[in-house]
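Here the structure comes first, spelled out in structure tokens, and everything after it is commentary.
All chains are named by letter (A, B, ...) in the order of the sequence lines, taking the proteins before the strands, and each is independently numbered beginning at 1. A quick note: this is a predicted structure, and the numbers were derived from the prediction, not measured.
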Amino acid sequence: MNSLDDSAALPPPSRDIKTIVNAGLKRRHAAERRFRWFGLAAISLGLAFVVLMFANIIGKGYPAFWQTFIELPVAFDPAVIDPEGRRDPKALADADYAALIRASLRGLFPRVEGRRDLRELYGLVSSNAPFRLRGQVLDDPALIGATRSVWVLASAKVDTLIKGNINRTLDESLRPISDQEIAWVDRLIADGRLEQRFNTILFGNGDSREPEQAGIRGALMGSFYTLLITFLLSFPIGVATAVYLEEFAPKNRWTDLIEVNINNLAAVPSIVFGLLGLAVFINFFGLPRSAPLVGGLVLSLMTLPVIIIAGRAALTSVPPSIREAALGMGASKLQMVGHHVLPLAMPGMLTGSIIGMARALGESAPLLMIGMVAFIVDVPRGFTDPATVLPVQIYLWADLPERAFVERTSAAIMVLLGFMILMNGLAIVLRKRFERRW
Amino acid sequence: MNTTTIEAKAALGGALNPEAREIPLSSAQITDYDHRQTVGKITVDHPKMLCREVNVYYGVKHALKQVSLDIGANEVIAFIGPSGCGKSTFLRCLNRMNDTIPLCRVTGQIQLDADNIYDKSIDVVQLRARVGMVFQKPNPFPKSIYENVAYGPRIHGMVNGKAELDDLVRASLERAGLIKEVEKRMDEPGTSLSGGQQQRLCIARAIAVNPEVILMDEPCSALDPIATAKIEELIDELRENYTIVIVTHSMQQAARVSQRTAYFHLGDLIEIGETDQIFTNPKHKLTEDYITGRFG
């Protein structure tokens, strides 16, 4: 009621309102433009770094998907493979196939003599070549006595030379490959005995000391088993916890305390979880070291708070009218949650869980603590086999000086990033697909 | 109704004998705020629900004060009053929806037929199957129309087999006057219907479990006048089979659909009486002020 009197008491505007506004207008617009420019600059810078990173990784890692092979005419000499002529599989498996490779190489370069030079010559071929011959003979013993041309894996230094990563103009003592070896490789190229093929070894083999035989399969399987354990543990427990805390737990000081602690747990450095896992799971419960089981347990501890927080957020976003409708129909609280609230919150929960799992996939620090950093050649076949995971494999390879490992490191990073993009993409698809409007 | 006698509640004994509770009272006595007493006849001949000295507290806030009221069988009773007067709070006491609100405390006695609904032996699930509710904002489940109606019978295990459930769903939709509109689209989500249709779907959902009482909390406040008219018509038809308690902000609506009207003010039940009498000849000053539009 007073407002009428007040407005009447206001002094009349001294200056024209247009001039007052216009005076400040320029400054306001300038501030807006500046802010826009800052934003644009920040985004451009960020994008530039992303492009740079991807270009660098893909540029370095792409060659790792190709691998050099050498064609050798191999005479499957019965005197070497099966001197007794009984075709006994055990004798066939134990035969000296390396001798066949050596003989074949000597046949290609008959003028090479002397132990040192011959050793260099034999070094053109990867040390796994004899196993390939053995495999062929065991599959088909009729090969014995015949001469076949066989494509065998070239050694890492030949591969590196072919990929152009060795500077031929350098002095011989400064490069890993000698003039003589370069001459042999050039001969092989001229003869059409050298070929680059898609690198199936990268996806089919476990780790190896020889770069040309090293693959990420062991790490991939290790990651798979670890994440399976993580998901199986953290998703149901996380969802159940979120539902209990959000829908059933009384709101009091204790639940507040629990909530604060869960939020803090999500921010605990991951290596701390590794230490916890080492102390509890390995030292106290005596679970095996380096095992995906323990890795999964540790990553579950790390992922649980993320899933609980995402789950609670998803539950809160379900409108209370749905809860009232269900309760008003005479549904019990568990029916209300099970039939209505949880299905509606599930997309949000899944999205949160997938993002938590993607984080777990990229985690390496806590796994170092529980011994998943060991050099493991065998591909793990279960939850208690020693294993490593993809990020730790990357960490291990990044330490090695050979050029062939450098490109494999980048290739492994590409695979890891591919999985990350896949998982995050899945989260986005789920969110879009099941988004509901009320 | 005998307009010369003003009856109101007083301290009640254990027995709920209608005659014993009618104590004459002059309007001069009603001004004392703390001991405001209800004007009008709180009892009916065939009560479905009996509420005696109901108090509701939200924490320290005393939201509903000493409300005593009968709800007659097969009648439509309207609760009116300004915002925050406690009418919705009281409505939610009748099927214990207040239980879901933390810090909410209810004292007093509410009976549905012979059962004290706040008794430990009464399960809310059973109570809410007997006392259905329709909310202010239409809130169908984000499921198909069929599933919306079938939900109640299904969780209570009221039907055997699909055919029986189909019949019940159809009958419920028919009774809610919705069957013609949704017959061909039973599998579409309930949320795809218009606001008025959604509200009728909610009513169909409520009557599918065949409740004895239906509570309606401002069922038309989110609807346009045509949808409102349809719902009001429906309420009138439903009265044959159900007891209906409706909270409304619209006095015209209360006048149109109800037989009795209760006026609430700041947590007190000020006046209760035949709807005609409340709107033409209110006994209490506050009621008169409200219905003549002086506040509220």
Review point. For chain A, which residues of residues 204-212 of chain B have at least one non-hydrogen atom nearer than 4.5 Å to it?
Key: R205(B), A206(B), V209(B)
**Study point:** E324(A) with R92(B): basic N within carboxylate O range, under 4.0 Å
**Key:** yes
Exercise for review: Check each atom of R154(B) against the heavy atoms of chain A and say whether the ones under 4.5 Å are side chain, backbone, both or neither.
Suggested key: neither
Practice item. Look at the rings of Y151(B) and H339(A) and say which category their plane angle falls in: under 30° parallel, 30 to 60° tilted, over 60° perpendicular. Key: perpendicular
Review point. Name the one of V213(B), D113(B), N95(B) that satisfies side-chain contact (heavy atoms from CB on, under 4.5 Å) with R130(B)?
Key: D113(B)
Study note, to complete from the structure: The residue among R200(B), Q197(B), Q199(B) that forms side-chain contact (heavy atoms from CB on, under 4.5 Å) with K230(B) is R200(B)
Point to revise | E147(B) and S144(B) side chains, donor-acceptor separation under 3.5 Å | key: no
Practice item. Return yes when atom OH of Y118(B) has more than 12 non-hydrogen atoms of other residues, nucleotides or ligands closer than 6.0 Å, and no otherwise. Key: yes
